[in-house]
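Please read all numbers here as calculations on a predicted model, not as lab measurements. Throughout, a chain's letter reflects where its sequence line sits, starting with A, and its residues are numbered from 1.
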Amino acid sequence: MSEQIPAVDDLPEQLRVRREKRERMLERGVEPYPVELPRTHTLREVRESHVDLPPDTKTGDLVGVTGRVMFLRNTGKLCFATLREGDGTELQAMLSLNEVGEQSLSDWKATVDLGDHVFVHGEVITSRRGELSVMADSWQMAAKSVRPLPVAHKDLSEETRIRQRYVDLILRPAAMETVRTRAGVVRSLRESFHQRGFLEVETPMLQTLHGGATARPFVTASNALGIDLYLRIAPELYLKRCVVGGIEKVFEINRNFRNEGIDSSHSPEFAMLEFYQAYGTYDSMAVLTRELVQEAAESVFGTQVVTLADGTEYDLSGEWTTLSMYDSLSEALGTEITPQTPVELLRKHADSRELETDPKLGHGKLVEALWEHLIGDHLYAPTFVRDFPVETSPLTREHRSRPGMAEKWDLYVRGFELGTGYSELVDPVVERQRLVEQSRLAAAGDVEAMPVDEDFLRSLEYGMPPSGGVGMGIDRLLMALTGLGIRETILFPLVRPE
RNA sequence: GGGCCGUUAGCUCAAUUGGUAGAGCUGCGGACUUUUAAUCCGUAGGUUCUGGGUUCGAGCCCCAGGCGGCCCA
């Protein structure tokens with residue numbers, strides 16, 4: 001009947017055998033991939049409606065259930081299979097010679113492999129050992145698997161888990177749990193915003209200028225317009241246009257793209273939350289940020305003391321610590337550091353602490369490097385680090401009382417940067433000066449510096465109310481709440497092609 | 001970008017000093033009507049990541065490359 005394609009002969013035995021089983025089903029007129037099955041209950045529904053039955057019970061309840069075969073225990077005249085459905089619920093199916101007859105039982109043994117989706121119709125019973133089961137009166141293939149599942153008793157290699165996440169999800173309940181946790185966190189964020197009267201918007205991912213952050217963009221091109229386009233590195237400049245337009249409480253949860261290194265805490269595409277509030281300041285935004293994180297933890301785990309992947313507990317409750325960057329750096333160095341401290345002196349401090357620095361670094365980047373080395377890397381409890389050098393914060397308002405500092409904070413959680421908040425710079429004249437300075441850096445070869453966005457400046461010229469703004473990485477929020485690496489929190493992280 | 005480690009059966013991993021490439025699970029054949037990673041008997045399965053080199057002989061040594069991981073910048 002059906003000709004096998006020649007390549008089948010070259011397949012490893014286990015793949016070949018399963019393909020042949022599929023072929024044999026077709027030859028017998030049995031559909032290996034039926035379009036519809038008479039399912040009456042999910043496995044979960046069967047479990048929930050039959051709790052605490054004693055062993056060897058017959059309920060008289062007839063059900064049709066489906067599931068992926070996770071374990072098979074075939075004896076001569078009685079077969080057991082553990083079925084699992086997507087939410088992780090398992091239910092045992094039993095096939096007895098007495099109930100299904102010789103042909104059906106031998107078909108089962110000859111065609112069903114681990115990993116197949118099957119449909120089983122029969123009575124809900126418990127086995128002699130008390131296992132809740134469906135005693136089949138008939139069964140049917142729901143979808144034949146022609147590729148063997150990796151063994152369930154050994155961990156998959158990390159690479160295979162990431163490259164073939166679908167297999168990871170099938171085999172490892174924790175992988176599925178991470179997906180659920182992430183969905184719960186994002187949902188909680190949206191609910192927190194909606195409760196506070198924020199509007200969710202979607203701003204361009206394809207931009208004619210990249211701005212809103214210092215990062216190297218991905219470049220693409222529009223055939224229709226005949227121009228280069230950038231995948232956005234941040235939504236910031238568009239969200240500020242929203243505030244100018246009168247959307248006074250606005251947020252966006254969407255993807256950013258940065259053409260930079262890939263490691264355990266950086267992914268080239270990552271989900272970002274940004275939110276802006278007219279008449280907010282970096283103080284009020286810090287409170288809101290803390291509440292968002294705490295509400296997410298509460299919503300997903302029912303507690304603000306979360307349990308991380310390594311089993312340790314992490315306390316997100318209550319008020320969080322606040323540090324001043326310059327003050328804490330001064331304390332760590334034992335001498336006062338201010339925005340006026342000369343670059344040469346900062347470099348001396350770096351040298352004396354065995355911190356290698358690029359000789360091209362200016363005051364702002366040196367202060368940040370020193371601070372990260374001496375303090376940031378050791379922060380564990382949730383901490384707002386405030387008042388950054390103004391020169392490295394081109395979109396931030398200068399501090400109202402401490403010249404040379406910006407009203408900006410970084411939120412550190414478990415030693416990494418979770419988010420950043422600002423009292424936004426809304427003076428169009430100062431903003432123009434800052435962007436011109438940035439574009440000068442860009443022209444001088446700084447691939448991370450921003451170009452001048454004239455339309456953005458024009459919007460500011462119409463008048464943007466005093467505002468607070470925050471950016472927070474969703475992937476990093478997941479890392480903070482779960483203790484997982486970034487490649488576990490992203491379902492399909494970018495990997496080099498096989 | 002640099003250094004180190006890894007890459008072997010469908011999966012997870014062994015392989016002594018350079019001397020016939022193995023195990024468990026999985027698969028296949030058989031037994032078994034209450035199993036729970038079922039058990040028992042039998043059996044199959046390999047481009048040792050790729051290409052070159054040294055050697056009588058290479059999974060192992062050398063060179064180049066791919067992919068992955070860790071550390072450093």
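Considering A:E274, A:R232, A:E269, A:E236 in turn, A:R232 is the only one that fulfils the side chain to side chain donor-acceptor pair (under 3.5 Å) rule with A:N256. Across A:E177, A:E158, A:E488, a single residue satisfies salt bridge (Lys or Arg N to Asp or Glu O under 4.0 Å) together with A:R172, and that is A:E488. In summary, of the residues considered (A:R84, A:R47, A:R68), a side chain to side chain donor-acceptor pair (under 3.5 Å) with A:E90 occurs for A:R84 alone.
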Would you sort out whether A:Y314 and A:Y380 count as a ring-ring contact (aromatic ring centres under 6.0 Å, His included), showing the intermediate values? CA-CA 9 Å; A:Y314 189 72; A:Y380 189 75; 5.2 Å; yes
Checking A:F80 against A:W108 for the ring-ring contact (aromatic ring centres under 6.0 Å, His included) test, could you report, in this order, the C-alpha distance in whole Å, the side-chain angles of both residues, the deciding distance, and whether it holds? CA-CA 11 Å; A:F80 302 86; A:W108 170 273; over 10 Å; no
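The nearest whole Å value for the distance from the CZ atom in A:R147 to the P atom in B:G27 is 16 Å. One atom, CG of A:D116, and another, P of B:G27, lie 11 Å apart when rounded to the nearest Å. Straight-line distance from the CD1 atom of A:I162 to the P atom of B:C67: 16 Å, rounded to whole Å. The separation between A:L15 atom CG and B:G27 atom C1' is 11 Å, rounded to whole Å. Rounded to whole Å, the distance from CD on A:E159 to P on B:U7 is 13 Å. Straight-line distance from the CG atom of A:D56 to the C1' atom of B:U33: 12 Å, rounded to whole Å. Here B:C32 presents its C1' atom at 15 Å from CE of A:M94, a figure rounded to the nearest Å. Here B:U34 presents its C1' atom at 8 Å from CD of A:Q92, a figure rounded to the nearest Å.
Put simply, A:S157 has no side-chain N or O that comes within less than 4.0 Å of OP1 or OP2 on B:C11. Under 4.0 angstrom from either OP1 or OP2 of B:C28 there lies at least one side-chain N or O belonging to A:K21. The side chain of A:R16 contributes no N or O atom lying less than 4.0 Å from OP1 or OP2 of B:G10.
When each of A:V495 and A:S96 is assigned the nucleotide of RNA chain B bearing its nearest heavy atom, the one mapping closer to the 5' terminus is A:S96. Between A:D113 and A:K109, it is A:D113 whose nearest contact on RNA chain B lies nearer the 5' terminus.
Taking the centre and axis of the six-membered ring of A:F388, the NZ or CZ atom of A:K408 falls inside the cone set by 45° and 6.0 Å.
Spacing between B:U48 and B:G6 at atom C1', rounded to whole Å, works out to 14 Å. For the P atom pair drawn from B:G66 and B:G10, the interatomic distance equals 25 Å after rounding to whole Å.
Relative to the side chain of A:E131, the nucleotides B:U36, B:C28, B:U33 differ in distance, and B:U36 lies closest. Picking from B:C28, B:U34, B:U33 the nucleotide with the shortest atom distance to the side chain of A:F80 gives B:U34.
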Pairs under 3.5 Å (N/O, protein and nucleotides 38-45 of chain B):
from  : atom 1 : to    : atom 2 : distance (Å)
B:A38 : OP1    : A:L72 : O      : 3.4
B:A38 : OP2    : A:R73 : NH1    : 3.0
B:A38 : N6     : A:N74 : O      : 3.3

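Using Watson-Crick or G-U wobble geometry with both donor-acceptor distances under 3.5 Å, B:A73 finds no partner in any strand shown. With both pairing distances under 3.5 Å, B:G6 is matched to B:C67 as a Watson-Crick or G-U wobble pair. Base pairing analysis places B:G22 opposite B:C13; the two distances defining the Watson-Crick or G-U wobble pair are each below 3.5 Å. Base pairing of B:G57 is not made with any nucleotide, judged by Watson-Crick or G-U wobble geometry with both donor-acceptor distances under 3.5 Å. Pairing for B:G45 is absent, with no Watson-Crick or G-U wobble pair whose two atom distances lie under 3.5 Å. Using N1 to N3 plus N6-O4 or O6-N4 for Watson-Crick, or N1-O2 and O6-N3 for G-U wobble, each under 3.5 Å, B:U34 pairs with nothing.
With values rounded to the nearest 0.5 angstrom, A:K77 atom NZ is found 7.0 Å from A:L97 atom CG.
The closest donor-acceptor contact from the side chain of A:T341 to the backbone of A:I337 lies at 3.5 Å or more, if one exists at all.
For A:W320 and A:F384, the gap between ring centers is short of 6.0 Å.
For A:N98 against B:U33, a side-chain-to-base donor-acceptor contact under 3.5 Å is present.
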